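Keep in mind that this is a model prediction, so the values were computed, not measured. Note that the numbering runs from 1 along the sequence shown for the chain. For ligands, and for the atoms within them, numbers begin at 1 and follow the listed sequence.
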Amino acid sequence: MTTRVPVVEKILGANERLAAENRTYLDNAGVFSINFMASPGAGKTSVIEQTIHRLNGQYNIAVIDGDIASSIDADRAAAAGAIAVQINTGGECHLDAAMLQDALPQLDLSQIDLLFVENVGNLVCPASFPLGTHKSILIASIPEGDDKPYKYPGMYRGVDALIINKIDLLPYIPFQMDYFRRGVEILNPGLITFPLSCRTGEGLESWLDWIMASVGCFQG
Ligand SMILES: Nc1nc2c(ncn2[C@@H]2O[C@H](COP(=O)(O)OP(=O)(O)OP(=O)(O)O)[C@@H](O)[C@H]2O)c(=O)[nH]1
Ligand SMILES: [Mg+2]
């Protein structure tokens, strides 16, 4: 047990260094990047698809999809109109900066303005492994329940924005929005939040405005 903490610190320290290298690589290429994190099925790929559909004419978009197995999500991103690369982690429950570093050369970044990284579906581990992207987004969804900020605080603490997906299901599922938002506020005060539905399109405009403003700030 006594050797465990130094080993973990070493792994996380190495990840931080590679994440910094990734950020420099993306900065030099002029590519604005977002890491999407959420539990399995919360709607990461759906949000990415809807965002591609609406912004594709304006920006050249690439997606790097992380999953334990399959190319289902990369195929969906490609079908939506993005250039897509799939990372299969082979069992790892999160992406890390080394995996992103290996995947980035597969893209011609000179042709890309916006890079979306879809992390492996998991509400714990991705929070400990920054990838070097410019923003980290957490997607919560109504069917997961309103207690998740209280039960998975690490994920809520470190993100730059929060999407609450599947609001079309609010009439059917007990979900106390005030209770949920109070939990978020304690962990990440003032966190910008976008309640939306990929099914109906409700709420998507505010999310798209935020992305466009963020790209605008990045490009100066
Ligand atoms: N009702 C409803 N269903 C949604 C919404 N967004 C996504 N879904 C459904 O939720 C399921 C999971 O969506 P995905 O986008 O695949 O979720 P994901 O987070 O990418 O899943 P993993 O990559 O497997 O972790 C699919 O059946 C979607 O059709 C929404 O806004 N409302
Ligand atoms: Mg997905």
Side-chain angles (χ1 to χ4, degrees), residues 33-56 61-96 99-100 103 114-129 131 133 135-146 148-149 151-152 154-156 158-175 177 180-181 193-211:
S33 53
I34 298 178
N35 176 18
F36 289 88
M37 297 177 287
S39 54
K44 298 176 291 300
T45 312
S46 300
V47 167
I48 288 170
E49 282 173 332
Q50 293 303 323
T51 307
I52 294 167
H53 285 145
R54 287 163 169 81
L55 295 185
N56 219 5
I61 302 175
V63 179
I64 295 179
D65 260 295
D67 270 304
I68 288 174
S70 91
S71 64
I72 293 171
D73 286 358
D75 293 344
R76 285 173 62 185
I83 300 157
V85 172
Q86 182 80 49
I87 299 175
N88 282 144
T89 64
E92 288 294 326
C93 57
H94 57 85
L95 292 179
D96 63 29
M99 293 179 201
L100 183 61
L114 201 45
L115 171 65
F116 298 146
V117 181
E118 178 177 346
N119 219 306
V120 180
N122 185 319
L123 215 46
V124 182
C125 308
S128 299
F129 290 86
L131 304 178
T133 56
K135 299 284 184 194
S136 294
I137 310 292
L138 174 60
I139 303 177
S141 66
I142 300 305
E144 289 168 51
D146 51 19
K148 293 302 168 286
K151 297 177 72 173
Y152 299 90
M155 187 60 89
Y156 282 81
V159 294
D160 301 299
L162 171 67
I163 288 174
I164 307 172
N165 189 30
K166 311 193 188 184
I167 57 169
D168 57 294
L169 297 179
L170 277 169
Y172 312 105
I173 293 173
F175 187 100
M177 190 61 85
F180 176 84
R181 281 179 176 267
T193 302
F194 304 100
L196 57 82
S197 167
C198 291
R199 180 63 51 85
T200 66
E202 186 183 354
L204 274 170
E205 288 308 318
S206 302
W207 158 245
L208 298 170
D209 287 347
W210 183 84
I211 291 207

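For atom 9 (C) of ligand 1, the nearest non-hydrogen atom from the set Lys166, Met37, Arg76 belongs to Lys166.
The line from CD1 of Ile211 to NZ of Lys135 is 11.0 Å long, rounded to the nearest 0.5 Å. Here Ile48 contributes atom CD1 and Ile61 contributes atom CD1; the two are 10.0 Å apart, rounded to the nearest 0.5 Å. Summarising the geometry, atom CE belonging to Met99 is positioned 6.0 Å from atom NE2 belonging to His94; distances are rounded to the nearest 0.5 Å.
Interface atoms of ligand 1 facing Asp168, defined by a heavy-atom separation under 4.0 Å, are 1 (N), 2 (C), 30 (C), 31 (O), 32 (N). Applying the 4.0 Å criterion to heavy atoms of Gly121 picks out, from ligand 1, the atoms 25 (O). Less than 4.0 angstrom separates some heavy atom of Leu169 from each of these atoms of ligand 1: 1 (N).
Between Leu196 and ligand 1, no pair of N/O atoms sits closer than 3.5 Å. Taking only nitrogen or oxygen atoms, main chain and side chain alike, Cys198 reaches within less than 3.5 Å of ligand 1. Checked by distance only, ligand 1 and Arg199 come closer than 3.5 Å through their nitrogen or oxygen atoms. Geometrically, ligand 1 and Gly41 share a nitrogen or oxygen pair separated by less than 3.5 Å. Ligand 1 has a nitrogen or oxygen under 3.5 angstrom from a nitrogen or oxygen of Gly43.
Contact check for Asn165 versus Leu196: side-chain heavy atoms found under the 4.5 Å cut-off.
Here the closest non-hydrogen pair linking Ala74 and Ala84 is O-CB, 3.4 Å.
Counting heavy atoms closer than 4.0 Å to ligand 1, residue Ile139 contributes nothing at all.
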Trace of the side chain to side chain donor-acceptor pair (under 3.5 Å) decision for Ser197 with Asp168: CA-CA 6 Å; Ser197 167; Asp168 57 294; 2.9 Å; yes
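Listed by chain and number, the residues in a ring-ring contact (aromatic ring centres under 6.0 Å, His included) with Tyr152 amount to none (sequence neighbours excluded).
For atom 6 (N) of ligand 1, the closest non-hydrogen atom on the protein side is Asn165 ND2, 3.1 Å. For atom 15 (O) of ligand 1, the closest heavy atom belonging to the protein is Ser46 OG, 2.6 Å. Counting protein heavy atoms only, atom 18 (P) of ligand 1 is closest to Lys44 N, 3.5 Å.
Asn35 places no side-chain N or O within 3.5 Å of a backbone atom of Thr133 that could act as its donor or acceptor partner. Judged by distance alone, the side chain of Glu118 and the main-chain N or O of Phe36 form no donor-acceptor pair under 3.5 Å. Under a 3.5 Å cut-off, the side chain of Asp160 and the backbone N or O of Ser136 do form a donor-acceptor pair. Judged by distance alone, the side chain of Asp146 and the main-chain N or O of Phe180 form no donor-acceptor pair under 3.5 Å.
Pro195 pairs in a side-chain contact (heavy atoms from CB on, under 4.5 Å) with only one of the listed residues (Lys166, Glu202, Arg181), which is Arg181. Of the candidates Asn88, Val120, Ile87, Asn122, Val120 is the only one forming a side-chain contact (heavy atoms from CB on, under 4.5 Å) with Ile68.
Not a single heavy atom of Ala38 sits closer than 4.0 Å to an atom of ligand 1. At least one heavy atom of Glu118 sits under 4.0 Å from some atom of ligand 1.
Residue-and-atom listing of protein N/O/S atoms under 2.8 Å from the Mg ion (ligand 2), sorted by chain and number: Thr45 OG1, Asp73 OD2, Glu118 OE2.
There is no protein heavy atom closer than 4.0 angstrom to atom 26 (C) of ligand 1. Distance check for atom 22 (P) of ligand 1: a protein heavy atom is found below 4.0 Å.
Ile173 CD1: more than 12 foreign heavy atoms inside a 6.0 Å radius.
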